[in-house]
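I have placed the structure first, in the form of structure tokens, so that the comments after it can refer back to it.
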Amino acid sequence: MSKFMFIFRGGGIATPGVSPTDLQAHLKKWRDWIDALTQSGHSREPGNPLQNPGKTLRGRAGTMTDGPFAESKDMITGSLLIEAKSLDEAAELARQCPVFEYDGSVEVRPLLVYGG
Amino acid sequence: MANPLNDSLDPPEESARPAALAEDLFRRESAHLVAALTRLLGPAHLSLAEDVVQDALVSALQAWRFGAPDDPRGWILKAAKNRAIDAIRRSRRLAPLPSELESNEALSTSMDRVLSDAEDGANQLAMMFSCCHEDLSDDTRVTLILRFLCGLGPREIARAYLVETDTVDRRIHRGRKQLQSLGRLHDVRAPEEVRARLPSVLQALYLLFNEGYHGSDADNPLRTAMCSEALRLTDLLLASEVTASPEVHALAALFCFDAARLETRTDSDGVFVPLSDQDRSAWNRGLLERGIVHLSASTSEAELTRWHLEAGIACEHALAPSVAATNWPRIVALYDALWGLVPSSVVALNRALAIAEIHGPGAGRDAIDALEGDRRLASYPFYWAALADIARRAGDPSEAARSYERAIAVSRSRAERTAYERRLSSLVGALVHPCNGNR
């Protein structure tokens, strides 16, 4: 098994004006998805929800800016480490992610493990 | 399908496990928190309260995706409080706060107090009374209640109310402006203020319940939720000494008797079942008993309101062993008294049907014919269904068929339409053999 990181962007969290009922229904889908990944042995550690806004430092001068803000569709909202046999399998697991319900995205990246 | 009314009977235990989160936690908490913050900060800050609460819920979604807190409700409360304090500090320049909230410490203390469980009922009542302002239309009042007391979004209100989302948006916009122009929310601890506004509050709750009851639709659980919310809000009125009164008990009794029959009003296909075919043993005993308790509590003062009369009629139906063994003379007498208070065609139509039960279809037909001047009845499916029913019982299946067709043409939901189509097709045999026309 290899390790992969799911990086979540946008989705319900970055969508303004979703009703309380819809937010909760969406939360349930996330819980069900994570539970399924845990039960099938693909997910062993808790994910990392990210707060916002934070700060971004850039360039030699370390120019600092606030953000990203919740309105940004490209804002990274969290990550999750999973185990899968291949990049294809990992991508297949990501396909069921509820983030797509609100037009978000999942980036699937293999973890580079030294000496692995 | 789970019965949403169970919510109001036995509130589900809140558990720390996210899988067992009360299904409507977000919806409920958003309504509670918006009411609490608006009461504290004043309605001028309504939008701030809504934004803060929305933000707190979004952050709960964000954080809880990967794991849940031990106390979800407390988590949301704390998130809302912190965000509210931040937002208020930022917006102090924009709109002045009540002077007693000027210092940060006072703000935090007042915030804790208004967010406490002890204040929850008063917060919601203050919001409920403010939503029923005299200058607003009935539809706008009910829409505001669905928005600010039930925590529904515009799209959900549109679904529940069977109107376009744009219409709901307009009503909310109008209502929000009205609310924001109030210096403070209604004082529900002042008996005079309560007395003056209570009738329009009860009227709005009645409309809320009826919207859900008469349009109930198996495809649309929001409709039943409107009934349980109306019952919950009536209970809230009864839980506070200043707002509890005999007429509120009467309205609660009416809701209980009607709600007890809710499950049997539609069959497994979601089609309306006529009263005569409903399984009376399946009526909800708990709700019937609650109705009787409320009805006896409603008679402590001399004044007889329309809610008393309607509850009395619903009680007669609810307690009768069958259609035939129903006390129709008493129902006619109650409709006569109701007509004295609310002379509407719908009351007269129901009275006519009760008369048909006592004196036969001919007398019922005469009573309905007396209504023909009211043109609005033509778009009321129940009017045509009543005519059809009387014609069928009078042994005139072709007249009955014509009226069922009119009822189908103006029916408002699939449940209604299918019910009338079934009755129409049950006439087919009678149309071929006219002598079989009777039942």
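Quick note: numbers below take in every heavy atom, side chains included, and nothing from hydrogens, waters or symmetry partners. To find a chain, count down the sequence lines: A is the first, B the second, and so on, and within it residues start at 1.
- Residues I76(B) and A60(B) come closest through the heavy atom pair CG1-CB, 4.3 Å.
- Residue I88(B) forms a side-chain contact (heavy atoms from CB on, under 4.5 Å) with just one option from N104(B), L40(B), V52(B), L48(B), and that option is L48(B).
- Contacts of T38(A) with chain B are absent, with no heavy-atom separation under 4.5 Å from either backbone or side chain.
- Note on P98(A), S19(A), S43(A), P49(A): by heavy-atom pairs under 4.5 Å with chain B, the leading option is P49(A).
- Of the atoms belonging to I34(A), it is side-chain heavy atoms, and not backbone ones, that fall under 4.5 Å from chain B.
- In this model, a donor atom of one side chain and an acceptor atom of the other lie less than 3.5 Å apart for R232(B) and Q124(B).
- The contact between N48(A) and chain B is made entirely by backbone atoms, counting heavy-atom distances below 4.5 Å.
- With sequence neighbours left out, F4(A) forms a ring pair (Phe, Tyr, Trp, His ring centres under 6.0 Å) with no residue at all.
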